[in-house]
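Before any comments, here is the structure.
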Amino acid sequence: MESRVMSSELWNAVAVVVVTFIGYQILNKVLWRGIWTPLRLRRIMVKQGVRGPPFRFPFGQVLEFVTFMNSFPEVVPLDSYADLSPTVTPQYALYYPQFPGAKYFLYWWGKTTRLCVRDPEIAKEVFINNHAHLKCAHLGDTYLMKGLIGRGLVALMGEKWSTERRAINPFFHQDALKGMVEAMVEGTATEIQKWEQIVAQAGGSAEIDIEADMHKISGRILSLTAFGTDSEKGFQVYETQTELAKEYYQMLRGVGFWIIPRYSDIPLKSHRHMRQMAKKIDTLLHEILDGRLEAVRKGVTNSYGNDLLGRMLTSAADGWSEGSPDFNLQSVIENSKLFYFAGQDTVANASLFTMLMLTLHPEWQDRARAEVMEVVGDEESFDASVLSRLKVVGMVVNETMRTFTIAPTMVRLTGKDLQLKNLFIPEGVVVEFSTNAVHQDKEYWGEDAAEFKPERFANGVAAACSHPQAFVPFGLGPKICIGNNFAMMELKIIVSKVLRRFQLLPSPNYKHHPCNVVVTRPKYGLPIILKAL
Ligand code: HEM
Ligand SMILES: *[C@@H]1O[C@H](CO)[C@@H](O)[C@H](O)[C@H]1NC(C)=O
Ligand SMILES: *[C@@H]1O[C@H](CO)[C@@H](O)[C@H](O)[C@H]1NC(C)=O
């Protein structure tokens with residue numbers, strides 16, 4: 001009898017705790033963060049004349065974007081390729097035209113209030129002048145982001161970020177990059193030889209979907225430059241990451257991820273698999289690192305090596321703590337993951353769009369090839385000075401990155417109220433710089449902004465557009481892409497190697513549909529016709 005009373009009292013207590021907890025969650029998550037905060041931020045912005053669609057609980061404008069994107073046919077017209085925004089960034093295509101002349105508007109990504117900005121001056125004020133008051137605004141999924149992006153530079157701000165950035169910066173200076181040219185050339189060899197064989201067997205001309213091979217080329221180049229003698233194992237890291245990324249993007253496409261908190265912690269088969277792959281990446285990287293540390297400890301060699309990993313190890317402090325302010329061994333692991341993630345899909349997709357533009361603009365293909373033949377010559381002796389003389393190739397690459405902006409948006413969470421010259425942005429708003437809209441804006445690029453015209457870069461970036469922040473394919477401010485020169489060298493080498501061997505022709509089987517999964521990519525691959533020269 002007594003024990004029954006006890007247990008019912010216990011149950012009451014449990015019920016009170018549970019109800020209080022649920023009540024708190026509802027108050028905090030739904031009422032406070034989900035409704036009150038967006039409405040409060042909206043009021044502050046509207047008072048200043050900022051326009052935008054109404055706030056909708058709980059998804060904001062996300063469902064509208066999905067419907068809008070699904071309204072497009074499988075193949076979108078190629079002749080208007082300059083306007084990426086409908087299929088890549090629906091928020092611009094939907095709302096900028098609704099508020100003609102507006103340089104910014106407000107919308108909601110779920111319950112997050114976003115200020116979309118297409119004014120490079122404001123981008124400069126926020127990303128450069130107010131860098132210290134910004135936070136990262138990432139997708140919430142920490143565990144898997146750990147496997148893919150790593151807790152390296154991209155995910156960091158503040159003290160820890162500046163320590164790491166200072167430690168890593170020198171490895172991406174022109175001097176250091178000079179020593180990587182050879183590895184970059186070597187990294188293109190396998191796939192290009194494969195294409196040569198296919199073309200030869202087919203009697204001099206063949207259609208090849210180069211997407212998967214381009215992905216491998218960029219993975220190989222990173223393996224060779226970052227992991228040098230350990231590049232085989234490095235390539236396994238690359239392969240595992242590629243697989244993990246694929247499953248991760250698959251998960252992003254489902255509804256569960258967006259509505260269930262900590263969705264990836266739910267023990268589904270695919271989630272477990274992703275976790276295993278993230279673990280495998282860590283194990284592989286630890287093996288590579290331990291091997292190098294061991295060799296020096298045992299006196300087999302006195303250097304950690306001259307590749308990116310070796311350079312990082314040389315300057316890293318001992319220790320494995322993620323929380324430590326030092327650039328330590330854990331930082332080396334996290335940034336190694338990051339280089340693969342940040343440096344592979346970006347470069348590979350940029351190279352695909354460059355190839356696409358070369359097939360569609362044979363006059364530029366001929367000019368670029370003529371330059372390559374002259375500058376690189378028959379010896380194929382690439383070095384840093386040869387690359388710096390590839391000007392037409394550089395113009396073509398830049399014009400491609402303007403048109404097909406690989407990172408079409410740049411987002412930051414304001415960690416403090418920001419008072420700009422003409423605008424007040426309260427803490428908690430995410431600023432979204434519309435890079436690809438600015439890259440197409442006639443105000444900064446002239447009436448021919450929608451055309452593919454590499455000649456606009458003939459006298460460099462400053463002469464090509466009227467605002468220094470109107471061309472920012474690699475971002476802007478202190479967190480500008482650390483690999484930007486690395487990427488440009490790599491792209492020049494890939495383009496040169498291909499142009500020396502093949503004539504590139506468009507394929508009737510190409511289905512044009514640029515889309516965005518973290519980076520801008522051609523949705524259905526890139527079949528092109530390669531003809532032996
Ligand atoms: C065409 C190729 C590439 C493009 C378009 C690109 C674009 C970008 C952009 C826009 C950012 C800034 C993101 C932000 O501030 O929110 C960034 C950051 C970064 N990128 Fe790249 N990237 C490319 C290639 C590479 C390569 C090859 C590497 C490394 C080998 C790399 C490593 C990084 C890192 C580490 C950061 C973070 C820097 C920091 O937060 O301090 N990227 N990239
Ligand atoms: C382009 O990027 C997407 C998404 O990041 C990736 O899945 C795809 O493999 C990339 N394409 C290439 C050629 O690497
Ligand atoms: C291409 O753009 C980069 C900046 O992303 C710049 O440093 C380089 O000079 C540009 N090259 C040409 C030919 O405009």
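Every value quoted in this text rests on a predicted model; they were computed, and no experiment measured them.
Side-chain contact check for Phe452 versus Thr400: some heavy-atom pair is nearer than 4.5 Å. Contact of the Pro514 side chain with the Val76 side chain is registered, since non-hydrogen atoms from C-beta on lie closer than 4.5 Å. Between Met214 and Asn349, every side-chain heavy-atom pair lies at or beyond the 4.5 Å cut-off. Within the 4.5 Å cutoff, the side chain of Cys465 has no heavy atoms near those of the His439 side chain. Taking the side chain as every heavy atom from C-beta outward, Phe471 and Phe457 approach each other to under 4.5 Å. Using a 4.5 Å heavy-atom cutoff, the side chains of Leu115 and Glu432 are not in contact. At least one side-chain heavy atom of Leu134 sits under 4.5 Å from a side-chain heavy atom of Met157. Using a 4.5 Å heavy-atom cutoff, the side chains of Leu505 and Ile528 are not in contact.
The two atoms that bring Leu338 and Gly152 nearest to each other are CD2-C, 3.9 Å, heavy atoms only. Residues Tyr92 and Pro408 share a closest heavy-atom pair of OH-O, 3.5 Å. Among all heavy-atom pairs drawn from His512 and Pro77, the shortest one is CD2-O, 3.8 Å. When all heavy atoms are compared, the tightest approach of Leu499 to Ala368 is CD1-CB, 3.6 Å. Nearest approach of Ile529 to Pro506, heavy atoms of both residues: CD1-O, 3.7 Å.
Within the model, atoms NZ of Lys453 and CH2 of Trp364 stand 10.5 Å from one another, a figure rounded to the nearest 0.5 Å.
Distance alone, capped at 3.5 Å, places no donor-acceptor pair between the Arg311 side chain and the Pro170 backbone. No donor-acceptor pair closer than 3.5 Å links the side chain of Lys160 to the backbone N or O of Leu153. Looking only at distances, no side-chain donor or acceptor of Glu186 sits under 3.5 Å from a matching main-chain atom of Leu224. A donor-acceptor pair under 3.5 Å links the side-chain atoms of Gln365 to the main chain of Leu504, judged by distance alone. Between the side chain of Arg500 and the backbone N or O of Gly377, at least one donor-acceptor pair lies under 3.5 Å. One N or O on the side chain of Asn130 and one on the backbone of Glu125 form a donor-acceptor pair closer than 3.5 Å. Counting only distance, with no hydrogens or angles, the side chain of Ser434 and the backbone of Val117 share a donor-acceptor pair below 3.5 Å. Side-chain atoms of Thr520 come within 3.5 Å of backbone atoms of Thr405 as a donor-acceptor pair (strictly under, hydrogens ignored). Looking only at distances, a side-chain donor or acceptor of Thr301 sits under 3.5 Å from a matching main-chain atom of Ser303. Remark: side-chain polar atoms of Tyr340 are paired, donor with acceptor, to backbone N or O of Gly234 under 3.5 angstrom.
Within the 6.0 Å centre-distance limit, the rings of Tyr107 and Phe65 are counted as a close aromatic pair. No close placement of the Tyr524 and Tyr510 rings is indicated, their centers lying 6.0 Å or farther apart. Ring centroid separation for the pair Trp445 and His467 does not come in under the 6.0 Å cut-off.
The existence of a salt bridge linking Lys442 and Asp448 is excluded, since no basic side-chain nitrogen approaches an acidic carboxylate oxygen closer than 4.0 Å. Asp441 and Arg118 are joined by a salt bridge, as a carboxylate oxygen and a charged side-chain nitrogen come within less than 4.0 angstrom of each other. Between Glu196 and Arg501 there is a salt bridge, since a side-chain N of the basic residue sits under 4.0 Å from a carboxylate O of the acidic one. Between Asp175 and Lys178, at least one side-chain N (NZ, or NE/NH1/NH2) sits under 4.0 Å from a carboxylate O, which counts as a salt bridge. Between Arg367 and Glu363, no side-chain nitrogen of the basic residue sits less than 4.0 Å from a carboxylate oxygen of the acidic one, so the salt-bridge criterion is not met. Ion pairing between Glu399 and Arg402 holds under the 4.0 Å rule for side-chain N and carboxylate O. Using a 4.0 Å cut-off between charged nitrogen and carboxylate oxygen, Asp230 and Lys233 do not count as a salt-bridge pair.
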For residues 481-498, run the donor-acceptor check on the side chains, cut-off 3.5 Å, and write out each pair with its distance to 0.1 Å, sequence neighbours left out.
| from | atom 1 | to | atom 2 | distance (Å) |
| --- | --- | --- | --- | --- |
| Lys492 | NZ | Leu387 | O | 3.1 |
| Ser496 | OG | Lys492 | O | 2.6 |
| Lys497 | NZ | Glu380 | OE1 | 3.0 |

*Would you check, one step at a time, whether the test side chain to side chain donor-acceptor pair (under 3.5 Å) holds for Glu164 with Asn335?*
CA-CA 9 Å; Glu164 296 209 353; Asn335 284 294; 2.8 Å; yes
_Applying side-chain contact (heavy atoms from CB on, under 4.5 Å) to Phe353 and Met401, what does each step give before you reach the verdict?_
CA-CA 8 Å; Phe353 285 117; Met401 298 228 270; over 6 Å; no
_Between Met184 and Thr188, is the side-chain contact (heavy atoms from CB on, under 4.5 Å) condition met? List the steps._
CA-CA 7 Å; Met184 289 184 181; Thr188 62; over 6 Å; no
*asked:* With side chain to side chain donor-acceptor pair (under 3.5 Å) as the criterion, how do Glu247 and His273 come out once you've worked through the C-alpha distance, each side chain's angles and the decisive distance to 0.1 Å?
replied: CA-CA 9 Å; Glu247 274 193 53; His273 189 222; 2.5 Å; yes
*Please assess Ile333 against Arg151 for the test side-chain contact (heavy atoms from CB on, under 4.5 Å), listing each intermediate value before the final yes or no.*
CA-CA 9 Å; Ile333 293 262; Arg151 298 252 167 92; over 6 Å; no
*asked:* Before you tell me yes or no, could you show the steps for Glu232 and Gln236 under side chain to side chain donor-acceptor pair (under 3.5 Å), namely the whole-Å CA-CA distance, both residues' side-chain angles and the distance that decides it to 0.1 Å?
replied: CA-CA 7 Å; Glu232 285 296 322; Gln236 281 178 41; over 6 Å; no
*Could you walk me through whether Val199 and Lys531 pass the side-chain contact (heavy atoms from CB on, under 4.5 Å) test, one step at a time?*
CA-CA 7 Å; Val199 168; Lys531 211 170 144 191; over 6 Å; no
*Quick one: do Arg521 and Asn516 satisfy side chain to side chain donor-acceptor pair (under 3.5 Å)? Show the steps, please.*
CA-CA 6 Å; Arg521 64 176 302 202; Asn516 177 251; over 6 Å; no
*Please report the C-alpha distance between Asp366 and Arg369 in whole Å, then the side-chain angles of each, then the deciding distance to 0.1 Å, and finally whether the salt bridge (Lys or Arg N to Asp or Glu O under 4.0 Å) criterion is met.*
CA-CA 5 Å; Asp366 293 343; Arg369 183 179 295 104; 3.6 Å; yes
*Carefully, step by step, assess Glu443 and Lys103 under the rule salt bridge (Lys or Arg N to Asp or Glu O under 4.0 Å).*
CA-CA 11 Å; Glu443 186 174 334; Lys103 287 285 185 185; 2.9 Å; yes
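A tilted orientation is assigned to the rings of Phe433 and Phe127, their planes being inclined by 30° to 60°. Between Phe72 and Phe68, the ring planes lie perpendicular to each other; the angle is over 60°, past the 30° to 60° tilted range.
Within the structure, salt bridge (Lys or Arg N to Asp or Glu O under 4.0 Å) pairs that include any residue of residues 218-227 comprise Glu191-Arg220 (at least two apart or interchain).
Side chain to side chain, Glu207 and Ser507 meet the donor-acceptor criterion of an N or O pair below 3.5 Å.
A ring-ring contact (aromatic ring centres under 6.0 Å, His included) with Phe339 is found for one member of Phe171, Phe172, Phe227 and no other, namely Phe172.
Within 6.0 Å of CD on Glu182 lie no more than 12 heavy atoms contributed by other residues, nucleotides or ligands. Under a cut-off of 6.0 angstrom, the local environment of CD in Glu374 is sparse, with at most 12 non-hydrogen atoms contributed by other residues, nucleotides or ligands. Within a 6.0 Å radius of NZ in Lys124, other residues, nucleotides and ligands contribute 12 heavy atoms or fewer.
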